[in-house]
Trainee: 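Quick one: the structure is below, and I'll ask about it shortly.
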Amino acid sequence: MIYLRSFRLSDYTDRNPNIYPDHVFKSIAGEVLLFDRITVLYGSNGSGKSTLLNSIANKLNLAGAERMSTGQTMYVQRFLERCSYQLGEDIEERELRQLPEGSRYLKSEDILYEIKKIQQAAVLRESLLHEQLSQGMSKEEARQYEQSYELKKKLANIQFAQEKYSNGETSMQFFEEHLHPGQLYLLDEPETSLSPSNQIKLSEHMNELARLLDSQFIIATHSPFVLGTLHAKIYNLDTRPLRTAQWHELDHVKFYVQFFDKHRRLFE
């Protein structure tokens with residue numbers, strides 16, 4: 001299912017080179033990205049892939065979007081207003097009016113916070129109480145819950161799990177709990193903390209969600225394991241003009257090949 005069909009970047013670039021985010025995208029201003037079930041935004045550090053992903057999240061008002069505030073709010077607002085998008089179509093070929101309610105933007109910081117939350121009991125306790133309040137529990141009920149055996153047991157179980165599982169395993173649990181069928185997900189470097197084998201496992205899970213369970217993914221990454229496993233359209237943000245590429249054509253992937261080829265004799 002294609003929930004977001006396209007996104008067009010602002011075609012305006014301020015002449016002041018310090019204006020954000022105009023000059024992040026000055027060389028691809030006005031470009032239109034056409035999305036598939038899985039689309040990857042690839043690029044080296046500083047290419048703007050995370051900023052682009054967050055810009056899309058802000059324009060769509062997705063849950064998890066990070067406010068683009070650098071002291072230049074007026075310019076950020078102007079940039080977003082000049083960006084545009086087109087939603088996909090339903091099974092009767094009518095343009096969608098809104099995105100699925102569970103759609104969201106997940107960045108690597110969210111995953112690291114989840115790990116930290118588990119590691120720190122005080123933060124975990126506060127998070128569990130906030131979760132209950134957001135689900136309709138009254139403040140008085142929350143105060144009683146805070147002193148309850150139920151909460152103490154839950155805290156103990158989660159802390160035990162943290163001792164049992166590594167950060168990477170906790171990240172995998174995070175994705176298993178937060179990625180559901182029938183949603184649009186924007187993911188910024190989902191490979192954070194994951195071993196190569198788990199990066200491949202997560203990518204295969206996303207392939208299945210996209211192919212069989214009507215989810216759509218737009219992902220910022222430069223992991224060769226993610227790039228090589230996903231059945232994705234890949235935009236190479238390092239090229240001018242902007243174009244798509246095959247995963248084995250990308251510089252980061254070639255670097256890995258060259259590195260291991262240089263040390264080939266150690267593996268023979």
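Values below: all heavy atoms of this structure, side chains included; hydrogens, waters and symmetry mates excluded.
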Trainee: Could you check N236 against T244 for side chain to side chain contact (heavy atoms under 4.5 Å, CB included), going step by step and ending with a plain yes or no?
Mentor: CA-CA 6 Å; N236 185 355; T244 60; over 6 Å; no

Trainee: Evaluate the side chain to side chain contact (heavy atoms under 4.5 Å, CB included) criterion for residues D11 and R82: first the C-alpha distance (whole Å), next the side-chain angles of each, then the deciding distance (0.1 Å), finally the verdict.
Mentor: CA-CA 7 Å; D11 58 0; R82 295 183 72 99; 3.1 Å; yes

Trainee: Looking at V253 and H248, what are the two nearest heavy atoms and their distance?
Mentor: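 So the two residues come closest at CG1-CA, 4.3 Å.
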
Trainee: Go through S197 and S195 one step at a time and tell me if the side-chain hydrogen bond (donor to acceptor under 3.5 Å, both in side chains) criterion holds.
Mentor: CA-CA 5 Å; S197 61; S195 66; 3.1 Å; yes

Trainee: What's the separation between atom CD1 in I56 and atom CG in N58, rounded to the nearest 0.5 Å?
Mentor: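 Result: 10.5 Å between the selected atoms.
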
Trainee: Below 4.5 Å, heavy atoms only, C-beta onward: do L230 and T221 meet side chain to side chain?
Mentor: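 Side-chain contact under 4.5 Å: no.
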
Trainee: Using 30° and 60° as the class boundaries, would you call the ring planes of H252 and Y42 parallel, tilted or perpendicular?
Mentor: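 It falls in the perpendicular class, over 60°.
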
Trainee: When the ring planes of F225 and Y256 are compared, do they come out parallel, tilted or perpendicular, using 30° and 60° as the limits?
Mentor: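 Aromatic pair F225/Y256 classed perpendicular.
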
Trainee: So, taking the atom named CG in L96 and the one named CD in E89, what distance separates them when rounded to the nearest 0.5 Å?
Mentor: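 L96 CG to E89 CD: 8.0 Å, rounded to 0.5 Å.
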
Trainee: Give the minimum heavy-atom separation between A232 and V40, together with the two atoms involved.
Mentor: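 In this case the closest contact between A232 and V40 is CB-CG2, 3.9 Å.
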
Trainee: Do other residues, nucleotides or ligands put more than 12 heavy atoms under 6.0 Å from the CD atom of E140?
Mentor: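 Yes, because the 6.0 Å sphere around CD of E140 holds more than 12 heavy atoms from other groups.
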
Trainee: If you define the side chain from C-beta out and look only at heavy atoms, does anything of E31 sit under 4.5 Å from P241?
Mentor: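 The answer is yes, as the side chains (C-beta and beyond) meet within the 4.5 Å cut-off.
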
Trainee: Within the structure provided, determine whether D238 and L250 are in side-chain contact (heavy-atom separation under 4.5 Å).
Mentor: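 Side chain of D238 against side chain of L250, heavy atoms only: no contact under 4.5 Å found.
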
Trainee: Testing the basics here: between H231 and I38, what is the closest heavy-atom pair and its distance to 0.1 Å?
Mentor: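 So the minimum-distance heavy-atom pair works out to O-CB, 3.8 Å.
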
Trainee: Taking the six-membered ring where the residue is Trp, are the ring centres of Y85 and F7 under 6.0 Å apart?
Mentor: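 So the answer is no for these two rings.
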
Trainee: When you measure from the side chain of Y185 to the backbone of H180, do you find a donor-acceptor pair of N or O atoms at a distance under 3.5 Å?
Mentor: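 Yes, Y185 side chain to H180 backbone: donor-acceptor pair under 3.5 Å.
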
Trainee: Restricting to non-hydrogen atoms, name the atom on S10 and the atom on C83 that form the minimum distance, rounded to 0.1 Å.
Mentor: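 Heavy atoms only, the tightest pair is N-SG, 3.4 Å.
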
Trainee: Around R240, counting heavy atoms of other residues, nucleotides and ligands shown, do more than 12 lie under 6.0 Å from its CZ?
Mentor: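 Yes, the 6.0 Å shell around CZ holds more than 12 heavy atoms from other groups.
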
Trainee: For the CZ atom of R5 and the CD atom of E95, what is their distance to the nearest 0.5 Å?
Mentor: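 R5 CZ to E95 CD: 8.5 Å, rounded to 0.5 Å.
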
Trainee: With D14, which of H23, K26, R78 fulfils side-chain hydrogen bond (donor to acceptor under 3.5 Å, both in side chains)?
Mentor: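 Testing each of H23, K26, R78 against D14, the sole residue satisfying side-chain hydrogen bond (donor to acceptor under 3.5 Å, both in side chains) is R78.
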
Trainee: How close do K233 and Y235 get, heavy atom to heavy atom, and via which atoms?
Mentor: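 Of all heavy-atom pairs spanning K233 and Y235, the closest is CD-CE1, 3.7 Å.
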
Trainee: Is there a path of hydrophobic side-chain contacts, each under 4.5 Å between heavy atoms, that joins L80 and L33?
Mentor: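 Same cluster.
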
Trainee: Can you find a heavy atom in the side chain of L194 that is under 4.5 Å from one in the side chain of V226?
Mentor: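 In short, these two side chains do not touch, never coming nearer than 4.5 Å.
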
Trainee: Assess whether side chain to side chain contact (heavy atoms under 4.5 Å, CB included) is satisfied between W247 and T229, documenting all intermediate values.
Mentor: CA-CA 9 Å; W247 72 275; T229 305; over 6 Å; no

Trainee: Say you draw a straight line from NE2 of H178 to CG of L187; how long is it, rounded to the nearest 0.5 Å?
Mentor: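 Between H178 NE2 and L187 CG, I get 12.0 Å after rounding to 0.5 Å.
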
Trainee: I need the H222 NE2 to L41 CG distance, nearest 0.5 Å.
Mentor: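 Interatomic distance, H222 NE2 to L41 CG, rounded to 0.5 Å: 12.5 Å.
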
Trainee: Would you sort out whether D22 and N16 count as a side chain to side chain contact (heavy atoms under 4.5 Å, CB included), showing the intermediate values?
Mentor: CA-CA 9 Å; D22 288 25; N16 184 339; over 6 Å; no

Trainee: Could you measure the distance from the OG atom of S84 to the NZ atom of K59? Nearest 0.5 Å is fine.
Mentor: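 Going from the OG atom of S84 to the NZ atom of K59 covers 7.0 Å.
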
Trainee: Which residue pairs pass the salt bridge (charged side-chain N to carboxylate O under 4.0 Å, His left out) test with at least one member in residues 244-263, sequence neighbours excluded?
Mentor: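 Only D261-R264 qualify under salt bridge (charged side-chain N to carboxylate O under 4.0 Å, His left out).
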
Trainee: Between F35 and L4, what is the shortest heavy-atom contact and its length?
Mentor: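 Smallest interatomic distance, heavy atoms only, reads CB-O, 3.4 Å.
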
